[in-house]
Amino acid sequence: MIKEYSSIIEVSGPLLLVEGVEGAKYEEMVEIYTRTGEKKRGRVLEVDKDKALVQIFEGSAGIDVQDCRVRFVGRTLHIGVSSDMLGRIFDGLGRPKDDGPEIIPEVMLDVNGAPINPTARNYPNEFIQTGISSIDGINTLVRGQKLPIFSGSGLPHNRVAAQIVRQAKVLGGAEEFAIVFGAMGITFEEANFFIQDFTKSGALERVVLFLNLADDPAIERVSTPRVAFTVAEYLAFEKGLHILVILSDMTNYAEALREISAARKEIPGRRGYPGYLYTDLASIYERSGRIKGKKGSITLIPILTMPEDDKTHPIPDLTGYITEGQIILSRSLYRKKITPPIDVQQSLSRLKDKGIGKGKTREDHADLFNQLIACYARGKEAAELSVILGEAALSDLDRIFLGFSNQFEERYISQNEDEDRTIEQTLDLGWELLRMVPRNEMKRIRDEYLERYYDKAE
């Protein structure tokens, strides 16, 4: 039941306080009409007796306490979803942004969906090929997994995300695969990059793109990932598609959450972020996964920029607790012109063992990546030693490992943005690099695999 009031008693930043309210509910949608007839949207943040605190999506410019009307519409934020959303561009609240027609919804859904019940979950165990060797070969992405990318300001995380969108596929190609991309607080230049890149490559046909720009209201940012997940859940669990959700940048999301918390005068937690930041992030991340009895799945790659490249900052720290690993971009590799600058030593996919092996990638995959990481680590140790003592102080074996680590970075980690490597190419390249190292140093690979792959004629 819609109720209308003209009893605004205070406006503070993105918040307004209405008194004399009856029956208002938490998260209820609100429409605010200004003196000029402009319509703004908001939602109820807090109810205390006959007072309701309302969060305004479009900002409070033009709102005064005298001549504005507030309507409580009796429902939470909903979005109309449809399969026709594929190939379309929307704003952070799901309104068309590409001059296309309005979406005719197949169903209206509440954006505040619930995390997947743990007892209903299916374990992630199927390989997703991104075409990027340092992910596919070392930190494998598995269908239904939550695998964040930890980046820093100025690092090419957006280009890595765009490459994953272009190249990600389910091997075999028999199952339908689509991407829901939620961008929060990005610049117009970054938004234009994503639109042009997806359009040029043809990837836009299988992408639902939500764009919340830096000059859009910060309040809208809080709803963008929930809107994106609502669409993803419908396409995955109702339409049977396999969905990859990419959210960038979760740091901007958390900053918006902190802004709202400060406006509400809540007691701050670590570095000023609200004490419920962990719970809030978990309520988003845990909507991804696989459900027993459902054909579709949701795989999540949240991207976040670590302030001052600090992994202990609350946002990456809490994200690491909730997700199954992390891909870390390295500033030192980027300075060496290694792109994508993925630090394979610090990166980790906790579910990689479930998505590789015979029938999924290849039987030698696990042994191969263990040996590659071991040899790369030996090479990095030799590099540190050469800085201290000089390269002349290195043994012949140290020099071999040093040469291996340099080649591993230049040929395996580094690849062009448009280079889409199959998992076979990635594995074969790994064996090619290992042949730089003496056979008796292959201590992490079974003899049968050495005979089949290491000893084969080049």
Side-chain angles (χ1 to χ4, degrees), residues 130 132-135 138-139 141 146-164 182-187 189-190 193-194 214 218 221 225 246-259 268-274 277-278 280-282 284-285 300-350 373 376-377 379-381 383-384 387-388 405-406 408-410 412-415 417:
T130 66
I132 300 173
S133 291
S134 44
I135 296 178
I138 308 293
N139 300 288
L141 179 63
K146 305 179 288 290
L147 186 63
I149 295 177
F150 291 0
S151 182
S153 179
L155 295 181
H157 45 272
N158 285 333
R159 293 188 172 275
V160 175
Q163 186 171 359
I164 292 173
M184 293 158 286
I186 64 172
T187 64
E189 182 182 6
E190 291 171 319
F193 162 74
F194 285 125
R221 238 155 270 164
I246 299 179
L247 300 176
S248 177
D249 178 344
M250 290 304 294
T251 299
N252 293 334
Y253 169 84
E255 295 287 351
L257 204 64
R258 180 166 67 175
E259 181 179 322
R270 289 169 59 192
R271 302 207 188 183
Y273 293 96
L277 179 62
Y278 177 88
D280 192 274
L281 290 174
I284 297 172
Y285 296 154
L300 172 63
I301 300 181
I303 299 171
L304 55 94
T305 50
M306 301 177 289
E308 300 176 357
D309 294 359
D310 180 12
K311 287 182 294 184
T312 66
H313 188 276
I315 306 169
D317 187 33
L318 297 178
T319 295
Y321 283 119
I322 304 166
T323 55
E324 295 107 14
Q326 66 276 331
I327 303 294
I328 296 182
L329 302 191
S330 163
R331 199 170 294 279
S332 60
L333 285 177
Y334 189 57
R335 290 193 185 111
K336 292 164 71 173
K337 301 191 184 308
I338 304 295
T339 55
I342 295 175
D343 188 333
V344 296
Q345 287 184 294
Q346 293 193 62
S347 300
L348 169 70
S349 172
R350 294 191 183 99
I373 288 296
Y376 182 53
K380 298 302 283 184
E381 289 172 3
E384 291 175 4
V387 170
I388 300 170
S405 71
N406 291 333
F408 182 77
E409 289 177 354
E410 292 172 10
Y412 192 97
I413 297 176
S414 187
Q415 63 183 90
E417 286 183 35

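For reference, positions follow the sequence shown, starting with 1.
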Indicate yes or no: at least one non-hydrogen side-chain atom of [X] is less than 4.5 angstrom from one of [Y].
| X | Y | value |
| --- | --- | --- |
| Leu257 | Pro274 | yes |
| Val344 | Tyr412 | no |
| Leu155 | Arg331 | yes |
| Tyr253 | Leu304 | no |

Those residues that, when tested against Phe194, pass ring pair (Phe, Tyr, Trp, His ring centres under 6.0 Å) (two or more places apart) | Phe181, Phe198
Treating [X] as the side-chain partner and [Y] as the backbone partner, does any N or O pair qualify as donor plus acceptor under 3.5 Å?
| X | Y | answer |
| --- | --- | --- |
| Gln346 | Asp343 | no |
| Glu409 | Ser414 | no |
| Ser151 | Thr305 | no |
| Asn252 | Arg221 | no |
| Gln326 | Phe150 | no |
| Thr339 | Pro341 | no |
| Arg350 | Thr323 | yes |
| Thr130 | Ile164 | no |

What's the separation between atom [atom1] in [X] and atom [atom2] in [Y], rounded to the nearest 0.5 Å?
| X | Y | atom1 | atom2 | result |
| --- | --- | --- | --- | --- |
| Asp249 | Glu190 | CG | CD | 8.5 Å |
| Lys380 | Gln345 | NZ | CD | 7.0 Å |
| Asn139 | Ser133 | CG | OG | 12.0 Å |
| Ser153 | Glu308 | OG | CD | 11.0 Å |
| Ile342 | Leu333 | CD1 | CG | 9.5 Å |
| Tyr321 | Leu281 | OH | CG | 13.5 Å |

Verdict with supporting geometry, Glu324 and Leu147, side-chain contact (heavy atoms from CB on, under 4.5 Å) = CA-CA 6 Å; Glu324 295 107 14; Leu147 186 63; over 6 Å; no
Which atom of [X] lies closest to which atom of [Y], heavy atoms considered:
| X | Y | answer |
| --- | --- | --- |
| Ser347 | Ile328 | OG-N, 2.8 Å |
| Gly154 | Tyr334 | O-CE2, 3.9 Å |
| Pro225 | Ile284 | CG-CD1, 3.9 Å |
| Pro316 | Asp310 | CG-O, 3.6 Å |

Regarding Thr312 and Asp317, is there a side-chain donor-to-acceptor distance under 3.5 Å anywhere?
-> no
Run the side-chain contact (heavy atoms from CB on, under 4.5 Å) check on Lys146 and Ile301 step by step: do they pass?
-> CA-CA 6 Å; Lys146 305 179 288 290; Ile301 300 181; over 6 Å; no
State whether Tyr273 and Arg258 meet the cation-pi test: NZ (Lys) or CZ (Arg) under 6.0 Å from the six-membered ring centroid, and within 45° of the perpendicular axis.
-> yes
Check the pair Leu318, Leu277 against side-chain contact (heavy atoms from CB on, under 4.5 Å), reporting the backbone distance first and the verdict last.
-> CA-CA 8 Å; Leu318 297 178; Leu277 179 62; 3.8 Å; yes
Among Met184, His157, Met250, find the residue that satisfies the side-chain contact (heavy atoms from CB on, under 4.5 Å) test when tested with Ile303.
-> His157
